[in-house]
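Step one of this worksheet: look at the structure below.
One-based numbering, in listed order, for ligands and for the atoms of each.
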Amino acid sequence: MSLEFTLTTVEQMEADTARLKETAEKVGIDVWQDRVKNQTPHCGFGEKGICCRICAMGPCRITPKAPKGICGADAHAIAGRNYLRMAAGGGATHSDHGRECAWKLVDSSADGYYHVTDAGKLIQLAKEWGVETEGRDIYDIAHDVGRMCVNEYGKAEGYQLWTKRATEERQKVWMEQGLTPRAVDREVVTAMHMTHMGNTADPEYLVRQALRVGLADGWGGSMTGTQMSDILYGTPVPHDTESNLGVLDKEMVNVVVHGHDPAVSEMIIRYAEDPEMIKKARAVGAKGINVVGLCCTGNEMMMRHNVKMAGNFLQQENVLLTGVVEALCVDVQCIFPNVGPVSECFHTKFYTTSPIARIPFATHLELTSFNAGEIASQILNEAIDNFKNRDESKIFIPDHKHSSWAGYSCEGIKGRLDTVTNSHLDELDTYKPLIECVKSGVLRGAVAMVGCNNPKVRPDYSHIEMMKKLLANDIVIVATGCAAQAAGKAGLLDKRAKIFCGQGLRRVCTLADIPPVLHMGSCVDISRMMNLVCDIAKDWGINTTQLPVVGCAPEWMSEKAVSIANYVVATGIDTYLGIDPLVGGSDKMMHLITEGTKEWVGAGYVIDTNPDTLVDKIIEGIEAKRAALGI
Ligand code: BF8
Ligand code: SF4
């Protein structure tokens with residue numbers, strides 16, 4: 001083991017950001033650091049969740065002198081409605097991404113742009129859902145399964161099919177508590193209806209619906225996104241790539257893919273690997289084409305295609321400020337509108353591809369299942385032509401980057417276990433060896449570290465420092481979204497990072513040949529984590545609420561994160577939040593989301609905006625679960 005291995009520190013990343021901010025100043029464009037200053041202090045009513053603009057008698061704000069809105073809604077009703085609307089917004093967003101993926105399966109064909117890549121997974125799902133498979137063409141099966149998925153979103157009756165994958169105990173709890181999710185569209189509409197002026201004012205029922213709309217996302221829309229993408233583009237398996245701004249290459253045509261739905265970037269990769277396209281890039285003096293990723297589209301590409309990861313959410317402006325990006329191609333979600341004006345200050349061409357995300361200063365090339373290849377090819381050709389337009393005086397690429405392992409889908413994790421231990425036990429496709437490690441205390445437990453960056457806390461610091469402390473305490477980490485990317489940028493997805501682990505976890509990493517932080521994918525791939533915890537609970541013979549496993553979103557910012565937090569809690573996993581969930585103006589709401597949900601689903605939130613104490617609470621929480629199990 002090399003003792004020379006060091007992590008990139010948050011201070012080093014901040015120095016890179018500061019240097020790139022100098023470029024921003026030189027070209028005369030604002031970046032998020034400037035805008036944070038302009039927006040601080042935030043509106044106190046908004047922060048506490050007690051500003052209501054749900055009807056035009058308002059906006060109403062709650063103060064000691066004005067404890068009710070004009071209609072009589074109090075702080076609890078107002079904070080509760082705002083909270084449910086956040087969950088519904090997030091659930092709708094993940095789920096609509098999943099729906100688009102399902103349509104790609106409906107439109108797939110052997111000679112079209114979208115193909116069935118993991119036929120085994122498709123057939124397994126077809127059997128699970130009672131779709132005939134015997135003697136049928138794979139695309140006939142794909143079209144039936146795709147249509148079933150799409151129709152799940154709006155079906156008038158019954159509950160979501162994917163929920164059958166949860167443990168019996170969870171399914172029973174959800175049914176008893178009235179939380180089993182109906183169609184995604186129905187749960188989002190119910191949430192909007194409940195929060196319209198003049199409806200639910202009792203916060204308990206707003207929190208219950210937040211759990212239900214969350215479940216509709218996690219065990220519905222997001223799961224559709226993950227499973228459809230695996231069928232279309234391949235189920236990820238572990239492999240090595242690289243992360244951080246140093247992956248941008250001055251000698252290459254750099255094309256950045258950003259957003260969440262992999263439909264566009266899959267095509268970009270396919271065409272960028274075409275020898276004819278590479279030849280064109282060489283003809284303009286470049287060494288080749290370097291496609292790199294941002295945010296969850298980056299994660300999707302990293303999981304399946306070794307695509308390098310340029311950065312996470314708060315790095316999107318930094319990437320453009322390097323001055324070497326020929327094209328930025330976005331799909332949906334988490335795209336700063338400011339990437340338009342920033343790209344205008346450089347030679348960078350900026351493309352939007354979805355009617356869901358129309359952004360000023362972009363060239364809009366709308367992607368469909370039937371023009372995807374032409375769009376990808378146009379973007380790449382224009383990027384190659386654009387190579388000559390760089391302004392040397394604006395170029396600066398920070399040199400930090402790290403080897404990063406990604407691709408730990410449930411199948412990827414089981415594959416490692418099968419290779420290392422299961423084959424000797426004569427039982428494949430099981431988590432039992434992992435469970436033995438937890439029972440014996442070699443591993444104390446696991447944390448699902450997920451979510452965004454948020455300038456309310458020091459960006460990436462919470463992710464990285466909390467991960468380091470957890471690893472030192474023999475707690476293994478599974479990560480998705482911008483949290484996984486923070487780990488990658490720091491070096492924690494490098495297998496050599498096991499030197500930061502306690503003895504038990506270090507031994508597991510050595511035997512299983514894994515990094516201590518397992519990159520499980522994008523934010524919709526938290527559905528993989530839900531399958532993982534339920535399957536571990538089944539293999540162990542206990543309930544999900546008993547597992548020494550927690551969720552943590554230390555730097556979350558988006559409505560999608562609120563939806564995620566709700567389905568993770570409803571799946572029986574305590575969730576630790578490092579950012580306040582904007583309901584502090586209602587003590588009833590605070591009680592409901594931290595303690596109240598425990599009575600219904602056996603889990604709740606722990607909120608602490610100090611990462612140093614939040615991580616201690618996680619360790620205490622995991623040890624308490626172990627003590628309750630007598631292990
Ligand atoms: O869905 S972690 S900032 S990129 S919302 Fe967005 Fe948050 Fe990043 Fe992915 Ni998830
Ligand atoms: Fe005010 Fe009630 Fe209207 Fe909200 S719904 S803006 S509290 S009157």
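- For atom 2 (Fe) of ligand 2, the closest non-hydrogen atom on the protein side is C71 SG, 2.4 Å.
- Remark: the N566 side chain and the Y83 side chain contain an N/O donor-acceptor pair separated by less than 3.5 Å.
- Taking a 4.0 Å cut-off on heavy atoms, Q485 fails to register as neighbouring ligand 1.
- Interface atoms of ligand 1 facing G451, defined by a heavy-atom separation under 4.0 Å, are 2 (S).
- At least one heavy atom of R81 lies less than 4.0 angstrom from ligand 2.
- What sits closest to atom 10 (Ni) of ligand 1 on the protein, heavy atoms only, is C523 SG, 2.2 Å.
- Regarding atom 8 (Fe) of ligand 1, its nearest protein heavy-atom neighbour is C482 SG, 2.3 Å.
- Between T93 and H260, every side-chain heavy-atom pair lies at or beyond the 4.5 Å cut-off.
- Taking a cut-off of under 4.0 Å to the non-hydrogen atoms of S558, the atoms of ligand 1 that pass are 5 (S).
- Ligand-side atoms of ligand 2 in range of M197: 5 (S), range being under 4.0 angstrom from any heavy atom.
- A salt bridge links R99 with D185: at least one charged nitrogen is closer than 4.0 Å to a carboxylate oxygen.
- In this structure, H400 and M13 have side chains that are not in contact, with every pair of non-hydrogen atoms separated by 4.5 Å or more.
- Taking a cutoff of 4.0 Å between a charged side-chain nitrogen and a carboxylate oxygen, K560 and D217 do not qualify as a salt bridge.
- Close contacts between ligand 2 and M57 involve ligand atoms 8 (S) [criterion: under 4.0 Å to a heavy atom].
- Of all atoms in ligand 1, numbered sequentially from 1 with element shown, those under 4.0 Å from a heavy atom of F313 are 3 (S).
- Heavy atoms of Q333 found under 4.0 angstrom from ligand 1: none, in either backbone or side chain.
- Among the atoms of C334, no N, O or S atom is found under 2.8 Å from atom 9 (Fe) of ligand 1.
- Among the backbone and side-chain atoms of H260, no N/O/S atom is found under 2.8 Å from atom 10 (Ni) of ligand 1.
- In summary, the atoms of ligand 1 found under 4.0 Å from a heavy atom of M557, numbered by their order in the structure, are 3 (S).
- Of the options A561, A486, C452, the smallest heavy-atom separation from atom 7 (Fe) of ligand 1 is shown by C452.
- Close contacts between ligand 2 and G69 involve ligand atoms 7 (S) [criterion: under 4.0 Å to a heavy atom].
- No side-chain heavy atom of C149 sits less than 4.5 Å from a side-chain heavy atom of L105.
- Here C295 fails the criterion, with no N, O or S atom under 2.8 Å of atom 9 (Fe) of ligand 1.
- Looking at K588 and D74, no side-chain N of the basic residue comes within less than 4.0 Å of a carboxylate O on the acidic one, giving no salt bridge.
- For C52, every N, O or S atom stays at 2.8 Å or more from atom 3 (Fe) of ligand 2.
- Of all protein heavy atoms, the one lying nearest to atom 3 (Fe) of ligand 2 is C55 SG, 2.4 Å.
- A salt bridge links R35 and E317; the closest N-O separation between the charged side-chain nitrogens and carboxylate oxygens is under 4.0 Å.
- C71 and M197 get closest at one heavy-atom pair: CB-CE, 3.5 Å.
- For E14 and K21, the salt-bridge test fails: no basic side-chain N is under 4.0 Å from an acidic carboxylate O.
- No hydrogens or angles considered: a donor-acceptor pair under 3.5 Å links the side chains of D525 and T226.
- With respect to the salt-bridge test (charged N to carboxylate O, under 4.0 angstrom), the residues E300 and R304 qualify.
- Using a 3.5 Å distance cut-off with no hydrogens or angles, the side chains of E555 and N454 do not pair a donor with an acceptor.
- Within ligand 2, the atoms closer than 4.0 Å to a non-hydrogen atom of G58 are 6 (S), numbered from 1 in the order shown.
- Within ligand 1, counting atoms from 1 as listed, the ones closer than 4.0 Å to a heavy atom of K560 are 1 (O), 5 (S).
- When only non-hydrogen protein atoms are considered, atom 1 (Fe) of ligand 2 lies nearest to C60 SG, 2.3 Å.
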